[in-house]
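Below is one structure; the comments refer to it alone.
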Amino acid sequence: MNLLVTGGAGFIGSNFIRYWLKKHKRDLVINLDKLTYAGHLSSTADFQNNQNYKFVKGDINNRALVDNIVSDCEIVVNFAAESHVDRSIKNSNPFIRTNINGVHCLLESARKNKIKRFHQVSTDEVFGSLNLSSHKKFNEESVYQPRSPYAASKAAADFLVRSYFHTFSLPITITNCSNNYGPFQDPEKLIPRFITNLLDGKKVPVYGDGLYVRDWLYVYDHCRAIEMVILRGKIGDTYCVGGQNKLVSNLELTKKILEILNKNGDFIEHISDRPGHDRKYAVNWNKIHHDLGWEPKFDLSRYLEETVNWYRNNRRWWQPLKTRSESLYR
Ligand code: NAD
Ligand code: TDX
């Protein structure tokens with residue numbers, strides 16, 4: 001089988017390609033990535049010479065290029081996106097262009113080339129924010145209430161993808177996943193930013209009161225979920241994917257990272273809050289568990305430590321990215 005994976009030089013996409021090449025040795029994976037600030041060929045270095053892997057530098061909005069690749073593929077897995085909420089607050093234009101127009105371009109090409117599956121990698125942020133005191137969790141029936149330009153652009157993409165199923169019978173599936181962590185995540189995002197700051201002896205900037213809750217999932221668990229949905233998911237369906245029910249606040253998570261790195265609370269610095277900051281995400285993954293047998297396997301405490309160790313041992317990967325990401329925040 002030939003797969004087009006878009007955004008495969010980013011965090012989750014590169015982990016997914018590594019995972020897929022190991023498990024599906026007869027498949028060819030073509031990675032189409034524009035190499036924005038978030039795409040790094042260094043994240044694909046360990047498999048770049050694999051005979052079953054091919055990299056194409058390009059934009060998912062380039063219809064001729066996309067058509068050319070899609071015509072040789074059975075499956076499209078779309079990871080390509082502008083993915084950083086803080087950047088979407090600063091300038092939302094690229095979010096509209098990639099996350100909405102780019103998805104539309106991929107869908108048109110998938111329709112024309114009659115592909116067997118179009119899988120859209122989406123987020124739990126499309127459902128908005130939960131109250132801190134609430135026991136509710138997002139599920140496949142939750143109303144879409146996106147609150148950041150990033151989340152709104154991903155919500156629009158989900159609607160477009162579904163419309164191609166209903167209107168054109170395009171065989172689609174969607175996964176809406178919670179926050180991921182693990183190797184190769186850009187140091188702009190919370191966990192790698194804090195780990196790399198601390199490895200450099202710097203403080204960690206917690207937004208607002210730090211009582212914001214996320215449903216952390218190790219990136220390999222996300223890759224496993226996407227694989228299961230591609231192989232056995234029901235055409236036209238959406239699957240919610242989330243962590244092991246250990247909802248932790250940013251402050252609690254920060255304290256865990258400090259502990260792993262033998263640092264004390266003096267390294268915490270509370271700074272001004274993100275505008276429109278979503279209080280809480282929590283995901284009910286009963287459907288994917290019941291229908292496909294998926295559940296998160298990787299324990300947060302253990303794999304947070306593994307992730308810290310990965311950043312400790314891979315300074316060469318993150319150091320060049322760190323200067324750029326911190327200048328963005330300044
Ligand atoms: P990322 O920002 O690390 O990677 C995005 C990749 O897409 C980069 O390699 C970038 O170069 C590429 N890209 C951007 N615009 C492009 C374009 N126009 N054409 C081609 N390539 C382009 O993102 P990530 O964290 O790996 O997220 C991947 C996907 O998963 C996104 O769709 C995101 O919305 C979704 N998601 C992420 C998380 C998370 O916690 N990171 C959780 C749920 C869902
Ligand atoms: O320096 C920081 N300090 C801080 O307190 C940063 C970078 C973040 N935060 C907070 C904001 C959030 O409450 O940490 C939490 C996580 O922030 P991000 O890593 O920016 O992730 P989030 O905004 O939750 O969005 C992520 O999860 C869902 C991904 O970036 C999205 O792509 C995904 O869809």
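Counting from 1, the numbers follow the sequence of the chain as shown. Ligands are counted one by one from 1 in listed order, and the atoms in each one are counted from 1 as well. Keep in mind it's a predicted model, so treat the numbers as computed, not measured. Values below: every heavy atom of this structure, side chains too, minus hydrogens, waters and symmetry copies.
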For V206, the ligand 2 atoms whose distance to one of its heavy atoms is below 4.0 Å = 5 (O)
Find out whether N113 and C73 are in side-chain contact, i.e. whether some heavy atom of one side chain is under 4.5 Å from a heavy atom of the other.
-> no
Note the single closest protein heavy atom to atom 2 (O) of ligand 1, along with its residue, its atom name and the distance in Å.
-> S83 OG, 2.7 Å
Measure from the side-chain N and O atoms of N250 to the backbone N and O of L211, and report whether any donor-acceptor pair falls under 3.5 Å.
-> no
Shortest protein heavy-atom distance from atom 19 (N) of ligand 1, along with the residue and atom involved = I60 N, 3.0 Å
For ligand 2, which atoms have a heavy atom of F194 less than 4.0 angstrom away?
-> 1 (O), 2 (C), 3 (N)
Check: F298 ring centroid to Y303 ring centroid under 6.0 Å | yes
Test item: V248 and L300 side chains (from C-beta on) under 4.5 Å apart, heavy atoms | yes
The single option from R324, K90, K322, R193 that satisfies salt bridge (Lys or Arg N to Asp or Glu O under 4.0 Å) with E188 is R324
So do the side chains of V77 and T6 get within less than 4.5 Å of each other, counting heavy atoms only?
-> no
Between F47 and Y53, does a ring-ring contact (aromatic ring centres under 6.0 Å, His included) hold up when you go through it step by step?
-> CA-CA 7 Å; F47 55 76; Y53 170 74; 4.9 Å; yes
Can a non-hydrogen atom of G8 be found less than 4.0 Å from any atom of ligand 1?
-> no
Contacting atoms of ligand 1, where contact means under 4.0 angstrom from a heavy atom of S178 = 42 (C), 43 (C)
Per-atom filter on ligand 2: closer than 4.0 angstrom to a heavy atom of Y212 are 13 (O)
Has D33 got any heavy atom lying under 4.0 angstrom from an atom of ligand 1?
-> yes
Top protein contact for atom 1 (O) of ligand 2, by heavy-atom distance = R193 NH1, 2.7 Å
Step by step, work out the salt bridge (charged side-chain N to carboxylate O under 4.0 Å, His left out) result for K189 and D186.
-> CA-CA 6 Å; K189 301 282 177 81; D186 195 282; over 6 Å; no
Considering only non-hydrogen protein atoms, determine which one is nearest to atom 15 (N) of ligand 1 and report residue, atom name and distance to 0.1 Å.
-> T98 CG2, 3.5 Å
How far is atom 32 (O) of ligand 2 from its nearest protein heavy atom, and which residue and atom name does that atom have?
-> S83 O, 2.8 Å
Under 3.5 Å: donor-acceptor pair, side chain of S109, backbone of L106 = no
Do D291 and R232 meet the salt-bridge criterion of a basic N to acidic O distance under 4.0 Å?
-> no
Heavy-atom gap H277 to ligand 2 smaller than 4.0 Å = yes
Looking at F118, is R111 sitting on its ring face, NZ or CZ under 6.0 Å from the six-membered ring centre and within 45 degrees of the normal?
-> no
shortest atom 34 (O) of ligand 2-to-protein heavy-atom contact is with Y150 OH, 2.5 Å
Is there a nitrogen or oxygen of P205 sitting under 3.5 Å from a nitrogen or oxygen of ligand 2?
-> yes
Distance filter under 4.0 Å to Y150 heavy atoms, resulting ligand 1 atoms | 33 (C), 34 (O)
Looking only at distances, please establish whether an N/O atom of ligand 1 is found under 3.5 Å from an N/O atom of T36.
-> yes
Note: R63-D67 ion pair, threshold 4.0 Å (strictly below) = yes
Give the atoms of ligand 1, by number and element, whose distance to some non-hydrogen atom of L35 is under 4.0 Å.
-> 11 (O)
Could you tell me which atoms of ligand 1, counted from 1 in the order shown, lie closer than 4.0 angstrom to a heavy atom of S122?
-> 43 (C), 44 (C)
So which of D124, L253, N250, I271 gets nearest to atom 10 (C) of ligand 2, if we judge by its closest heavy atom?
-> N250
Option with minimal heavy-atom separation from atom 7 (C) of ligand 2, where the choices are Y329, W216, F11 = Y329
Of the side chain and backbone of H40, name the one, both, or neither that has a heavy atom under 4.0 Å from an atom of ligand 1.
-> neither
To the nearest 0.5 angstrom, please state how far the CH2 atom of W310 sits from the CH2 atom of W318.
-> 10.5 Å
Ligand 1 atoms nearer than 4.0 angstrom to some heavy atom of N179 are 40 (O)
of all protein heavy atoms, closest to atom 43 (C) of ligand 1 is C177 O, 3.3 Å
Can you tell me if D215 uses its side chain to pair, donor with acceptor, with the backbone of L247 under 3.5 Å?
-> no
Under 3.5 Å, N or O to N or O, is K34 touching ligand 1 that way?
-> yes
Got a second to check how far N31's CG is from L3's CG, nearest 0.5 Å?
-> 11.5 Å
What protein heavy atom is closest to atom 4 (O) of ligand 1, reported as residue, atom name and distance in Å?
-> G10 CA, 3.4 Å
Give the residue, atom name and distance (to 0.1 Å) of the protein heavy atom nearest atom 36 (N) of ligand 1.
-> I12 CD1, 4.0 Å
Could you check if a side-chain atom of H24 sits within less than 4.5 angstrom of a side-chain atom of L231, using non-hydrogen atoms only?
-> yes
Would you mind checking which non-hydrogen protein atom is closest to atom 40 (O) of ligand 1, with the distance to 0.1 Å?
-> N180 N, 2.8 Å
Mark the output for Y181 as yes if a heavy-atom distance to ligand 1 is under 4.0 Å, and as no if none is.
-> no
Nearest non-hydrogen protein atom, atom 25 (O) of ligand 2 | E125 OE2, 2.6 Å
Under a 4.0 Å N-O cut-off, is there an ion pair linking R279 with D209?
-> yes
Of the protein's non-hydrogen atoms, which lies at the shortest distance from atom 29 (C) of ligand 1, and what is that distance?
-> F79 O, 3.3 Å
Below 4.0 angstrom from a heavy atom of G58, which ligand 1 atoms are there? Numbered from 1 as shown, please.
-> 19 (N), 20 (C)
Out of N179, T123, L190, the nearest non-hydrogen contact to atom 21 (O) of ligand 2 is supplied by N179
Is there a side-chain contact between D124 and Y281 (heavy atoms, below 4.5 Å)?
-> yes
Heavy-atom proximity to atom 17 (O) of ligand 2, best of R214, K189, R274, E188 = R274
Between Y207 and ligand 2, which residue portion shows a heavy-atom distance shorter than 4.0 Å: side chain, backbone, both, or neither?
-> both
With a cut-off of 4.0 Å, which atoms of ligand 1 are near a heavy atom of G7?
-> 6 (C), 7 (O), 9 (O), 12 (C)
Heteroatom proximity flag, N61 to ligand 1, N/O under 3.5 Å = no
Are the charged groups of D46 and R18 less than 4.0 angstrom apart, N to O?
-> yes
Could you tell me whether K203 sits above the aromatic face of F267, with NZ or CZ closer than 6.0 angstrom to the six-membered ring centre and within 45 degrees of the axis?
-> no
Min N/O separation D86 to ligand 2 under 3.5 Å = no
Is D278 close to Y212 at the side-chain level, that is, under 4.5 Å between some pair of heavy atoms?
-> no
D59 heavy atoms within 4.0 Å reach ligand 1 at atoms 17 (C), 18 (N), 19 (N)
